[in-house]
Amino acid sequence: MANIIDGKTLAKKFKDRLKDEVTFLKGHGIKPGLAVVLVGDNPASQVYVKAKGKACEEIGVNSFQHTLHKEIAQEELLWQISELNNDSNVHGILVQLPLPDHLNEEVILEAISPEKDIDGFHPLNIGRLVINQPLFQPCTPLGIMKLLEDTGIDISGKEAVVVGRSNIVGKPIALMLLHKNATVTICHSRTQNLEEKIGKADIVIAAIGKPAIIKGNWIKQGAIVIDVGINRLDNGKLVGDVEFEEASKRASFITPVPGGVGPMTIAMLLHNTVEAAKRQSKGLKV
Ligand code: NDP
């Protein structure tokens, strides 16, 4: 049976370390602050925003929540972001996605100062990741890398298959694995013979958003399986993209859903916010 990668425990370790760091920074007059902008009343987004605010509170980071009307004009939202860019109490800015359809996500994300882009979605931060000179890296992929590191297994030379090619998970995790010298295959909805590709993978990253679409018997014996997917079934249960029970019989390590990648995403958000505060206190520029 696979070892369960315990994201909750690892996230707690990171948060405890960050809490000490925040106490130290406060002693030197620096109070890390995160502004979270929520547009509209999407229930899932409200839950995520609440969890982020709570996590900030736990480690002593100031959290500023801005809830804006779902019909806010793009210009008005851009103006709000510009205010936050110029607010010295705010070191990190996060605009909760998805945005309502009338807002242009790319324009909004690009308006965030790269120095305060703790989600790592600004084109400049993405570009830096591509050339392996990262500044702020997207939180979910960064959390996945920490989970992989924690297994103690060397990624170099391994066959990694990433299923999903979104800008926030699939593409950045593929780059991060590549920078650690894995041989990376990126799969998506048009990929042929997914089963065959997964069957060759030493590391599987599933970031699709469809319950148990990756069958447990596709997994190569001894592979590491990281399940990013969060899917709520009709009975209210949360499940990942991988058939957990079956996959656990073959994998060497596997993340559960919930309790795997999710907690690490929040821990990395806090990590990036503290890093942003440190950089800004030193006057560092991108
Ligand atoms: P997106 O919807 O942006 O991307 C999904 C990807 O899956 C796309 O690239 C799509 O391909 C691919 N895909 C869809 N169907 C198939 C299929 N049948 N076979 C192979 N590939 C397929 O999702 P995200 O990347 O934003 O998120 C993925 C999942 O991870 C979701 O469940 C989300 O909730 C979860 N998530 C979890 C986080 C956490 O902290 N744990 C954080 C972020 C996301 P194509 O590009 O061709 O359409």
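Both ligands and their constituent atoms are indexed starting at 1 by order of listing. What you see is a predicted model, and the numbers here were worked out from it, not measured in a lab.
- Among protein heavy atoms, atom 31 (C) of ligand 1 sits closest to Gly209 CA, 3.6 Å.
- Of all protein heavy atoms, the one closest to atom 15 (N) of ligand 1 is Lys210 NZ, 3.1 Å.
- Ranked by closest heavy atom to atom 18 (N) of ligand 1, the top entry among Ile266, Ile213, Ile144, Ile208 is Ile213.
- Every atom of ligand 1 with a heavy atom of Gly164 under 4.0 Å away is listed here by number and element: 6 (C), 7 (O), 9 (O).
- Ion pairing between Lys12 and Asp16 holds under the 4.0 Å rule for side-chain N and carboxylate O.
- The existence of a salt bridge linking Glu21 and Arg17 is excluded, since no basic side-chain nitrogen approaches an acidic carboxylate oxygen closer than 4.0 Å.
- A salt bridge is defined here as a Lys NZ or Arg NE, NH1 or NH2 lying under 4.0 Å from an Asp or Glu carboxylate O, and Glu58 with Lys15 meets this definition.
- For atom 48 (O) of ligand 1, the closest non-hydrogen atom of the protein is Ser189 OG, 3.6 Å.
- For atom 19 (N) of ligand 1, the nearest protein heavy atom (residue, atom name, distance) is His188 O, 3.9 Å.
- Nearest protein heavy-atom neighbour of atom 42 (C) of ligand 1: Thr140 OG1, 3.2 Å.
- Taking every heavy atom of Gly262 and a limit of under 4.0 angstrom, the matching atoms of ligand 1 come to 40 (O), 41 (N).
- Comment: Lys54 does not engage Glu57 in a salt bridge, judged by the lack of any side-chain N to carboxylate O separation of less than 4.0 angstrom.
- For atom 40 (O) of ligand 1, the closest non-hydrogen atom of the protein is Thr265 OG1, 2.8 Å.
- A salt bridge links Lys220 to Asp202: at least one charged side-chain nitrogen sits closer than 4.0 Å to a carboxylate oxygen.
- Distances from ligand 1 to the non-hydrogen atoms of Ala207 include at least one value under 4.0 Å.
- Taking a 4.5 Å side-chain heavy-atom cut-off between Ile, Leu, Val, Met, Phe, Trp and Tyr, the cluster of Val163 extends to Ile4, Val161, Leu194, Ile198, Val204, Ile208, Ile213, Ile214, Trp218, Ile219, Val225, Val242, Phe244, Ile254.
- Smallest separation of non-hydrogen atoms from Pro134 and Asn132: CD-C, 3.3 Å.
- Of all protein heavy atoms, the one lying nearest to atom 26 (O) of ligand 1 is Ile168 CD1, 3.5 Å.
- Annotation: Ser166 places an N or O atom under 3.5 Å from an N or O atom of ligand 1; distance criterion only.
- The pair Glu115-Arg279 meets the salt-bridge criterion, since a charged nitrogen lies less than 4.0 angstrom from a carboxylate oxygen.
- Which of Ile226, Asn167, Val169, Val228 comes nearest to atom 30 (O) of ligand 1 through a heavy atom is settled by distance: it is Val228.
- The distance from ligand 1 to the heavy atoms of Val163 drops below 4.0 Å at these ligand atoms: 20 (C), 21 (N).
- Considering backbone and side-chain atoms together, Arg165 places an N or O closer than 3.5 Å to an N or O of ligand 1.
- Taking any N or O of Ile230, backbone or side chain, at least one lies under 3.5 Å from an N or O belonging to ligand 1.
- Counting only N and O atoms by type, the side chains of Lys52 and Gln96 include a donor and acceptor under 3.5 Å apart.
- Between the CG atom in Asp241 and the CD1 atom in Ile230 there is a gap of 9.5 Å [rounded to 0.5 Å].
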